[in-house]
Every structure is written in C-alpha cells, then in structure tokens.
Amino acid sequence: MTAAAIKAAIALASDKRTWKGIGIVIASIAVPIILIAAVICSMLYGTAKHNNAAVNLTFNGGVIPASMPAEYREYITEMRSCFSSLDRAIAEVELKMEDEDSLDSTRIKAVFYALYFGADHLRLRSAAAKEFVECFVEYEQRTRTVIRVDEEGEEHEIDEIYTAAVPVTDLPTIYENVGEYAGREVASDDKANITEIYLRVMYNNFDVSADMPLEGGNGTHDLIKEMTKDSDVTPSAAGFVSPLEGGWSQRVTSEFGYRQNPTGAGSEGHTGLDMGVPLGTGVRAVKDGRVLFVRYKQTGYGYHVAIDHGGGLVTMYAHCSEILVTEGQTVTDGDVIAKSGSTGRSTGPHLHWEVIQDGVPQNPRNYL
C-alpha cells in the first residue's frame, strides 16, 4: 500500500461522518434481525400461553375466551368430549376393583391429551374409551367364598371365581400398553409432554411465566418432597457408587453451597456438585431405586432425571444431552441412565448432581 493510500485510509477511519455511516449500515442490518427475533419470541410465548390455557380449560373446564384461536377452541371442545367418554369408561372399570383401588384419572387423561390433542375431528366412542382405559389396568382371576341358598332354604358356602381389575402403576408398562392401543411407540417427547401436563394439572400451575412449580430451585425440591411422601420404594442398605465411571472427585468444577453465578453477576446457592466431563459421557445411578420423573427442559436444569431411593432420599442428574430411562423404571447402582450434556442453564458439558433428603438438598460429598 502506498503512503498516500495509507494516509487516505487513516483520514477515512478518523472521520466522524465515516463512523456515523458505518453505524447506520450496522443498524440497518441489525434492527430487522432484532425485530424478527422479538417476533419469534413473542410467537413462542403466545403459543406456550395458548397451550397452557388449553390444558387448563380442558382439564378444569370454564368458558373458552373469545381471544382463543379458533383451532384451539375446536381442539378443547373435542378433547372435553373425549374426557367425558374416558370418565364413563373409568367409572365402569372401577366397578371391578376392590380393596379401595382406583385409577389415576389425571394420568389417563394426560396421556390421552398428549397423544391426541390437535387431531382432526377427534372423537372417542365408548368402546374405544374403555379400551384406552384398560391400558392402565390388568385383570386377575380371584376366588371368594359366598353364601348360596338351596331350594330347601339351607345356606351353603361355596368358592366363586371372579375377575378383578387392578391398577397398573408401572409407567413403562402403561406406555407399552398405550403404544399397542395407538399403533405406535410412545416416544420420549410424548413422555416428556405427558409429565409436564400431569404435573401442571396435579399442582394446578398454569402460569406460563412461572414455568411450572418446578423449574429449578425450591420448586423442584418441593415437587420431589410431595411426590415421595408416600413412596413405597424400599431403601437399599448399600452405599453410593460414583455417578461417573472412573470416579468423580477429580472432576468437580463447582461445589455445593454459595458460589459466583457462572452465567451472570452476583452469587447464588448451588444445590449440587458440578462435574466437568465430555459431552455424551455415561451418567450412572448411584444407588438402587426407581425413576421418579424425567423432564426435558431448555431452561434451568435442562434435561434432568430424578431417582427415588426410598426413605425420602432422591438423587437428581441434570443438564443431560440424553436420558436413557423412563419414569417408573427400576434401576440398580451403576446403571447408565443418561448422557452428560449442556442443556438448560449451563456454560459447558458437565453433570450437575444433587442429593435431596425430604425435599432438602444435601451436600453430595457426605454421601460419596
């Protein structure tokens, strides 16, 4: 470059009018992008709001507001009609139950809603409704002693064989049954959606801005306490194994307790241990138990799974890239239940691991 050209470039760079022009060009490019992003975010929020309102109106009734899009109004009306058919089928099946058994009608409807909301011209006849409800029960042949009076008026005890309906509480079995009914697999996305719908209805949380009771912090811990208060999981006498093959202690990047916020200013309470590992590293159950819930979120904990070990003890594994187990599944210590990731509020691939006793986070180091 010649000396004259260099001087011209310097002069151009130092000219305020040049920078003003550059600023206008940048703004002209950036503003449409920002506006598009804002519109997309608004649309996503609006969609979430309508979806949340649809769940609330379908399960809890009420007047459908005029502001609700016409397609949602139709879907809600059709789903309410299907729910009436399911209620009748549930009542019919429960007549064959005993020992105070009953069906979880919210679970049944959450599964049906997740699979069929938005289907065109949705209808559910009585026979189909009963067939769907029977995905949540099994039938047993039982014997009971009854009194029969003969022609002479004498009473006799005889054994009578009858059929009793028994609720199925194992979710993997339910999903397998429902898959056969629907003619397709109940996929991971379906299960995640079912869980979110079920929790929203059970805990009456339909505020889309709150992102469930349950999104990180005390809300998730309160949920765990509520879900395990009547747990029938028998605690194992064995201790914990490492959540990562090859050990965990050399991989800890953030301790339990207060720490500097990794994604912003200030400090925060950190309710678990962070362990830095490559994306896709196998995550192991630390103790025998049963999967309490599986949730797929893009905020907070991201993809996370909780395991009920009995006695109010729960472990949780967060920010996963993939979860390999389903709710209700029994696991043993050392089973690979997930793969590490960076979903949710995360700055890089790692495992966030928590130990929770009676809804209160504990220092995981005291258990390993």
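Starting from 1, each residue takes its place in the sequence as its number. This is a predicted model, so every value here is computed, not measured.
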> When you check the gap from the basic side-chain N to the acidic O, do Lys130 and Glu92 get nearer than 4.0 Å?
Replying inline: yes

> Quick one: do the Glu98 and Tyr162 side chains pair a donor with an acceptor below 3.5 Å?
Replying inline: yes

> Is it true that Arg123 and Glu78 make a salt bridge, defined as a side-chain N closer than 4.0 Å to a carboxylate O?
Replying inline: yes

>> Check this for me, if you would: do Glu157 and Arg148 make a salt bridge, where the nitrogen-to-carboxylate-oxygen distance has to be below 4.0 angstrom?
In response: no

> Which is it for His350 and His319 under the ring pair (Phe, Tyr, Trp, His ring centres under 6.0 Å) test, yes or no, and what are the steps along the way?
Replying inline: CA-CA 7 Å; His350 72 289; His319 305 305; 4.9 Å; yes

> Using 4.0 Å as the upper bound for N to carboxylate O, is an ion pair formed by Lys287 and Asp335?
Replying inline: no

> His309 vs Phe240 aromatic rings, parallel, tilted or perpendicular, using cut-offs 30° and 60°?
Replying inline: tilted

> Can Arg107 be said to sit on top of Tyr198's aromatic six-ring, NZ or CZ under 6.0 Å from centre and within 45° of the ring axis?
Replying inline: yes

> Taking Asn363 for the side chain and Arg365 for the main chain, is one N or O donor matched with an acceptor at less than 3.5 Å?
Replying inline: yes

Just distance, no hydrogens or angles: give the donor-acceptor pairs under 3.5 Å from side chains in residues 176-183, sequence neighbours left out.
residue : atom : partner : partner atom : Å
Asn177  : ND2  : Cys135  : O            : 2.9
Asn177  : ND2  : Thr173  : O            : 3.4
Tyr181  : OH   : Ala128  : O            : 3.3

> Can you tell if the side chain of Gln357 reaches within under 4.5 Å of the side chain of Val314, non-hydrogen atoms only?
Replying inline: no

> Which residues satisfy the side chain to side chain donor-acceptor pair (under 3.5 Å) test with Arg80, sequence neighbours excluded?
Replying inline: none

> Is it true that Arg295 and Glu196 make a salt bridge, defined as a side-chain N closer than 4.0 Å to a carboxylate O?
Replying inline: yes

> Can you tell if the side chain of Val331 reaches within under 4.5 Å of the side chain of Ile307, non-hydrogen atoms only?
Replying inline: yes

>> Can you confirm whether the side chains of Thr77 and Tyr75 place a donor and an acceptor under 3.5 Å from each other?
In response: no

> Any side-chain heavy atom of Asp87 within less than 4.5 Å of one from Lys109?
Replying inline: yes

> Nearest heavy-atom pair of Ile108 and Phe132: which atoms, and what distance?
Replying inline: O-CE2, 3.6 Å

>> Would Phe59 and Tyr113 count as a ring pair (Phe, Tyr, Trp, His ring centres under 6.0 Å) here? Give the steps.
In response: CA-CA 10 Å; Phe59 279 83; Tyr113 185 102; 5.8 Å; yes

>> Are the side chains of Ile337 and Val305 in contact, using a 4.5 Å heavy-atom criterion?
In response: yes

>> Side chains of Phe136 and Pro167, heavy atoms from C-beta outward: is any pair under 4.5 Å?
In response: no

>> If we ignore hydrogens and angles and just use 3.5 Å, is the side chain of Asp333 paired with the main-chain N or O of Val241 as donor and acceptor?
In response: no

>> Is there a side-chain contact between Leu273 and Glu255 in this structure, where contact means two heavy atoms from C-beta onward sitting under 4.5 Å apart?
In response: yes

>> For Arg142 and Asp159: C-alpha separation, side-chain torsions, deciding distance, then whether salt bridge (Lys or Arg N to Asp or Glu O under 4.0 Å) applies.
In response: CA-CA 10 Å; Arg142 296 179 178 179; Asp159 291 333; over 6 Å; no

>> I'd like to know if the side chain of Thr343 reaches the main chain of Cys320, judged simply by a donor and an acceptor atom lying under 3.5 Å from each other, with no hydrogens or angles considered.
In response: yes

> Does a side-chain heavy-atom distance below 4.5 Å link Phe83 with Leu124?
Replying inline: no

>> I'd like to know if the side chain of Glu327 pairs up with that of Tyr175 as donor and acceptor (distance under 3.5 Å, no hydrogens or angles considered).
In response: no

> Is there a side-chain contact between Thr326 and Leu171, using heavy atoms and a 4.5 Å cut-off?
Replying inline: no

> Where do Pro65 and Leu57 come nearest, in terms of heavy atoms and distance?
Replying inline: CD-CD1, 3.8 Å

> Where do Glu354 and His221 land on the side chain to side chain contact (heavy atoms under 4.5 Å, CB included) test, with the steps shown first?
Replying inline: CA-CA 10 Å; Glu354 293 192 14; His221 303 140; 2.9 Å; yes

Pairs of donor and acceptor atoms involving the side chains of residues 223-234, under 3.5 Å and at least two apart or interchain, shall be tabulated with distances.
residue : atom : partner : partner atom : Å
Glu226  : OE2  : Lys229  : NZ           : 2.9
Thr228  : OG1  : Ile224  : O            : 2.7
Ser231  : OG   : Val233  : N            : 3.1
Ser231  : OG   : Asp308  : OD2          : 2.6
Asp232  : OD1  : Arg290  : NH1          : 3.1
Asp232  : OD1  : Arg290  : NH2          : 2.6

>> Would Arg345 and Tyr301 count as a cation-pi pair here, with the cationic atom under 6.0 angstrom from the ring centre and within 45° of the axis?
In response: no

> Do the ring planes of Trp353 and Tyr317 sit parallel (below 30°), tilted (30 to 60°) or perpendicular (above 60°)?
Replying inline: tilted

>> Within this structure, what is the CD1-OG1 distance for the pair Ile161 and Thr143, rounded to the nearest 0.5 Å?
In response: 5.0 Å

